[in-house]
Novice: 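Here you go, one structure.
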Amino acid sequence: MLTRSLLIVLAIGLGVGSFAVQEPLARAATQITAVVAFYTFFYAPARGLLYAFGYGLAVTGVFLFVSGKSWLEIFAGWELVSVGAWALIVGARGVSRRSLEAAFIAFIVNRVGDVFWLMAASGAEAFPEGFWIAGLVKAGIFPFTFWLVQAMYAPAPVSALLHSALLVALGVYGPLRYPEWRVGFDAGAQKAAELLAVCAGIGAVGSRSPKVALAWTTAAHLAGVVALWPQPEQAQQALLHHSYLKAALFLLLGWVQRQGYLTLWEAGLAAVLAGLLVAGAHTGSPLLAIAEGLNALALGRLWGRFSLRRKGAAADPYRGLSAPLFLAVFCLAEGYLRFSVPEAFIFLPLGIVGVWLAKVQLYWRLDRPFLLLTQDTLHAWLTWVRYWAGMEVFLGRVFVRVAQRWIRLAYLSGLTEVAMTHRGWRAMARRARGALAVFTAPNEPLTYAQALRWGFLLTLMTAIVWRFLR
Amino acid sequence: MAVFALNLLWLGPLAIGFLSLFLGRRALWGLVVGSGFGHLLLWGYLYLTYHAQGPVQVLPWFSLGGKPLFYAIGLSPQNAWLVFLAIFLGHAALFYAVAQIARPRAFSFLVFLVMAFSQGVFLARDVVLFFVFYEASLVPAFLLIYGWGGRQRRAAAVKFALFTLGGSVVLLIGLLWGLMGRASGLWEEWRGMALPMGAWWLMTIGLAVKLPLIPLHNWLGEAHVEADTPVSILLAGLLLKLGGYALLSWVWINGPSGLLVGWGGLSLVYAAAVATAQKDLKKLIAFTSIGHMALVAIGAGAGSSTALQGAYHQLFTHGLVSAALFAWVGYIEKATGSRHIGYLRGVLKGVGFQQLLPVVLFFAAIGVPGTALFVSEVLVVLGTGAGIGWTWAWVPALSLPLTGIYFLRAYRELAQPTPEQVPLPEAHLFAPQLAVIGVLLLGILLAGIFPRPWLTVLSYVGP
C-alpha cells in the first residue's frame, strides 16, 4: 500500500511539476516517469520500497545532471541515475538471483565507464574523449549493449524508464548539453557510430525475446543520435523523440505481454509507434537508413511473434484503462506527431516483412562475446582474489615467524645488556629513570643518545610483553 | 577562555576517563551522553568563533639536542573536523557498548583515553608533542583490543602492538633526523621546509603502518576481526586517521609524488582483491578500510589543492562510513550469532527497514552521490589529474568499480532468497546499536548532500 501511495504521489507530483520544467531532458524525464508511475499503479501489485526509491533517485539524478554547476554536481547526477537504475532493476520483481546479477553487471559496467569520465574531467582539456566514451557505455551503444540486454530482466515499466530519459539517454545527452564533451568526436568517430547503429540493428533482428529486440533498437537509435552529435539540435530532437516513443512502446509491450495476446487495434497502435520511431531517427545518412530498416524489420518481427500467439490471457480489471488511454496521451504529449506521416511509413513495408520473418526460427546475439568477456573477467577476478587472500594469510605467517625471531633476538640482547652491566634490573630501572627524567625535569636538554635509548627501551618492553604473553 | 576550551578538548576526555572508573553502568550512560554533548558544544564554540583558524596556544616545554620544544596546540583547517570526528566516534562507540560490554568502567576509561590522546595528535602543533600523543594513543588501543573481543584477541593485540611500535621506532628516528635541520619542531617551522629524503622515507614507513598501506597492513585484518565492535569502530574510524592525518600534515608536504600515487594504487587494488575474497563480513570491511585509506595516500601524492582537500575529507568521511559499517556488522553478529556470509545468506531478503539499512550503508561505502565518500573520492580523482596529469587519474578512479564489486557481491550473497533463512530479531532489542548506526548514517548523508561546511574549511589546506 505504501509503495502504491508513493507511486501515485510521484505520478501526480511529477506530472504537475513537469509543466514548470524548461530543460528538455528533465521535462521528458518527469513526464515519462509520471506516466510510468501511474501505469505501474494499475499494472502491477506493490513492488516494494526499493522500487519507489529507484524512481526518486533516477529523476533526482537527471535533474542534478542537467542543472549541475560544477563537475561534482554533474557527476553526482550522472552516477545517481545508475544507482536509481540498480534499485529499479533489483526492486521491480523482488530481490532474486537474476535481478541482482543483472543489476550488478549494469552498475559495474557503468562504473567502469565512469572511470573514463573522471579521467576526462581531471585532465582539463587533455583527454576530452573520456566524456563521450563514458557516454557510450552508459547509453549501451554496441558493444556495451550486453548490460542493457541483461537489464531487460526487469519488467516493462522499468525498461520504459531506463530506455527513455532516465539512464541511457543521459549517455547521449551529456555531449549535447555540455559541448566540451564532444571535443574529439570527429568524422571518423561519426562514421563508426553509424556502423555501430547498423550492428545494433542486426542484433535487434536476431533477438528472440521482444523486450531484448526493443533493447537492441534502443542501442541502434542512440548510436544514430551519437552520429548526429555534430548537429546538436537535430540530435536532441531525435533523442527526445526516441525517448517518448520508446517509453510508449515498452509500456505497450508490457501491457501486451501481461495480456498474452495482441488485439488488432493494439497492433495498429504499435505499428504507428514503430513507424514514427524509425522515421524520426531517419537523417538521410545511408548507413543510418540501413540501421533503421533493420530496426523496422526487428519491430515487425517482434509484433509478428505476438500475433502468432493464441488468445486467452487472465482477466485484468484495469485492462480498459491502462495501455491504450495512457499511450495515446503519451504520444500526443510533446506533439511528436509533427513528423510527417508519409516519412513515418517509409519503413512500414520492412516492418511487414519483419512480421513474416517471425516464422523463421533463426536467432543470434551479437554481443554475446562481450557479455562473456565481462562475465569471465569478473569470474577471473573472483578466482584471482582467492589467491590474494591466501597471500594475505601467508604474509601473516611470515610476519609471525620474523617477529618471533626478532623478539627472541631483542630479548637475548636485553639479557646480554643486563648481564654486561652485572647489576641486573636495578641498572635497567636506573636507565629508565634517566629517560623519564626528560619529563620530570623539562628544562634539561635531551641528547640524541638519550633519545635513542628510548628506542632501546621500546624494544626491551616489547620483548618483555611478548615473553609475558607466551 | 578560548585557550582553556582548546585544552579542554583533550584534557576533558582524560579527566572524564578517570571519573568513569568510579561509576556504575547506569551512571556511565549518563556520563557518556553528557560528555558527548559537552564536548560537541566546546568544539562548536571554537569552530564558530574562529572558523577553524585558531585558537593556538604555544608554551615552552623542554629542549632536545639544543632545539626548543613546545607544548603547542591549536585548531586549524586540517584538524577541525577530525577533532569533531574524535568526539563523535568516541562517544558513539561508548554509547554502542556501555549497555552490554563486560567491565564497563575499564572499557570507558580506555576509550576516553583513546579520545584524549587522539585529540592530542590532531591538535598538536609541535612535532615532538605530536609524537608523544601518538605513542600514548597506542597503549589504550592495545589494551582495548587485548581485553575485549574474540578468542584470538590477545595475539591480535600483540601483533597490533608490534607493528605499531615498530613503526613508531622508525617514525622517531625519522622525526629526530628531520628535527636536526630545523630551529624547532613547531608547525610552521616544520612545514616550511622540505624534509631530508631519508627522514621523509622513515617517517612515511613509520606512519604507513597505521594508515595502513601494503605490505605494512597485516595487523589490521586480525585486529579488526578479533576486537569487539566498539573497538573496531574506534580502530577504523579514529585510529587509522591518526596515521593519515600525520602523514598529510607532518610528512607528505613535499614528497616524491608519483611514488605515493603508485604505492596507494597498489594498496587499493590489493585491498580490493583481498576484500572480495572474504567470507567474514568484518574482515571484508576491514580490508575495504585499507582500500579507502589508500585514496588518502594517492591524494597526498598528487599534491594539488583539490587532491589534498579530498584526502583530508576522506579521513573524515571514511571515519563515519567505516564506523557505521562496523556498527552494523556488530549488530548482525549479535542478532544472528554469526558474521559469515555463507551462514547469513538470505538475511537481507525483503524490503523492510532492517534489510534496506545495509543497502544504504553499502552504497555509502561504494561512494555513490548523496553520501560522504562520494565527495572525497571525486575530489581525490579530480585532484590527481590536476596535480600530476590525467594519465594518473585512473589509479584512484579504479576504486569506483572495485568497491562496487565487493560490496554488491556481498549484498548479492546476503539478499538472495534461500530455503533456510536466518531471521533478524525485532529492531527494538538493539535500540542503542541501531541508534548509533542511524546517527552515523545521518552524518554520512549530511556530509554527502551538503558538503560545503567541510569543503569551505578544507579549501585552506592546499600546498
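Residue numbers start from 1 in every chain, and the chains themselves are labelled A, B, ... in the order their sequence lines are given, proteins ahead of strands.
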Novice: Determine the option with the most heavy-atom pairs under 4.5 angstrom with chain B, choosing from A/Val109, A/Asn110, A/Leu64, A/Val115.
Specialist: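 Between A/Val109, A/Asn110, A/Leu64, A/Val115, the count favours A/Val115.
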Novice: Who pairs with A/Tyr387 by ring pair (Phe, Tyr, Trp, His ring centres under 6.0 Å), at least two apart in sequence or on another chain?
Specialist: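 Residues passing ring pair (Phe, Tyr, Trp, His ring centres under 6.0 Å) with A/Tyr387: none at all.
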Novice: Which heavy-atom pair separates A/Phe127 from A/Ile133 by the least distance, and what is that distance?
Specialist: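 That closest heavy-atom pairing would be CZ-CD1, 4.5 Å.
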Novice: Applying a criterion of heavy atom separation less than 4.5 Å, what residues of residues 72-79 of chain A form contacts with chain B?
Specialist: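 Residues in range: A/Leu72, A/Phe75, A/Ala76, A/Glu79.
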Novice: Using a 4.5 Å heavy-atom cutoff, which residues in residues 268-278 of chain B come close to chain A?
Specialist: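 Residues B/Val269, B/Tyr270, B/Ala272, B/Ala273, B/Val274, B/Thr276, B/Ala277, B/Gln278 are the ones that qualify, each having a heavy atom under 4.5 Å from chain A.
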Novice: If you count heavy-atom pairs under 4.5 Å between each of B/Phe163, B/Tyr406, B/Phe287 and chain A, which one has the most?
Specialist: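 Result: the option with the highest number of such pairs is B/Phe163.
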Novice: Quick check on A/Trp381: does its CH2 atom have over 12 non-hydrogen neighbours (other residues, nucleotides or ligands) under 6.0 Å away?
Specialist: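 Counting other residues, nucleotides and ligands, CH2 of A/Trp381 exceeds 12 neighbours.
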Novice: Non-hydrogen atoms of chain A under 4.5 Å away: do they reach the side chain of B/Thr371, the backbone, both or neither?
Specialist: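 Neither; nothing under 4.5 Å.
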Novice: Name the orientation class of the two ring planes belonging to A/Trp71 and A/Phe131 (parallel below 30°, tilted from 30 to 60°, perpendicular beyond 60°).
Specialist: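 Ring orientation of A/Trp71 relative to A/Phe131: parallel.
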Novice: To check you understand the geometry: which heavy-atom pair defines the closest contact between A/Thr60 and A/Gly56, and what is its length?
Specialist: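 Distance-wise, the nearest heavy atoms are OG1-O, 2.6 Å.
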Novice: Between A/Glu392 and B/Asn218, is the side-chain contact (heavy atoms from CB on, under 4.5 Å) condition met? List the steps.
Specialist: CA-CA 7 Å; A/Glu392 180 66 19; B/Asn218 199 258; 3.3 Å; yes
Novice: Could you tell me whether the side chains of A/Thr377 and A/Thr374 share a donor-acceptor contact shorter than 3.5 Å?
Specialist: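 Short answer, no.
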Novice: Using ring centroids (six-membered ring only for Trp), state whether A/Phe65 and A/Trp181 fall under 6.0 Å.
Specialist: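 Yes, the ring of A/Trp181 comes within the 6.0 Å limit of the ring of A/Phe65, centre to centre.
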Novice: Which one, A/Leu57, A/Leu100, A/Leu382, leads in non-hydrogen pairs under 4.5 Å with chain B?
Specialist: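 Of A/Leu57, A/Leu100, A/Leu382, A/Leu100 has the most heavy-atom pairs under 4.5 Å with chain B.
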Novice: Quick one: is the NZ or CZ of B/Arg153 closer than 6.0 Å to the six-membered ring centre of B/Tyr146, and within 45° of its axis?
Specialist: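 No - B/Arg153 does not lie over the ring of B/Tyr146 by the 6.0 Å and 45° rule.
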Novice: So, taking the atom named CG in B/Leu398 and the one named CD1 in B/Ile298, what distance separates them when rounded to the nearest 0.5 Å?
Specialist: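 Rounded to the nearest 0.5 Å, the CG-CD1 separation comes to 8.5 Å.
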Novice: Answer with side chain, backbone, both or neither: which region of B/Leu402 has an atom nearer than 4.5 Å to a non-hydrogen atom of chain A?
Specialist: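 When you check distances to chain A, only side chain atoms of B/Leu402 fall under 4.5 Å.
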Novice: Using atom types as modelled and distance alone, determine if a side-chain donor or acceptor of B/His224 lies under 3.5 Å from a backbone N or O of B/Leu220.
Specialist: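 Yes, the answer is positive, given that a donor and an acceptor are paired below the 3.5 Å cut-off.
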Novice: Is the backbone of B/Ala393 close enough, under 3.5 Å, to the side chain of B/Thr384 for a donor and an acceptor to pair up by distance?
Specialist: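 No.
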Novice: At a 4.5 Å cut-off on heavy atoms, which part of A/Trp86 comes close to chain B: side chain, backbone, both, or neither?
Specialist: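 Answer is side chain: those atoms of A/Trp86 sit under 4.5 Å from chain B.
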Novice: Where along residues 374-381 of chain B does a heavy atom come under 4.5 Å of chain A, listed by residue number?
Specialist: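 So far as heavy atoms go, B/Phe374, B/Val375, B/Val378, B/Val381 are the residues that approach chain A to under 4.5 Å.
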Novice: Verify the ring-centre separation between B/Trp219 and B/Phe160: is it less than 6.0 angstrom?
Specialist: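 Between B/Phe160 and B/Trp219, the centre distance is under 6.0 Å.
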Novice: Please lay out, stage by stage, how B/Val368 and A/Arg111 fare under the test side-chain contact (heavy atoms from CB on, under 4.5 Å).
Specialist: CA-CA 10 Å; B/Val368 300; A/Arg111 280 220 137 189; 4.2 Å; yes
Novice: Using a 3.5 Å distance criterion without hydrogens, assess whether the side chain of B/Lys67 forms a donor-acceptor pair with backbone atoms of B/Leu179.
Specialist: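 Judged by distance alone, yes, a pair lies under 3.5 Å.
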Novice: Would you call the rings of A/Trp384 and A/Trp388 parallel, tilted or perpendicular if under 30° counts as parallel and over 60° as perpendicular?
Specialist: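 A/Trp384 vs A/Trp388 ring planes: perpendicular.
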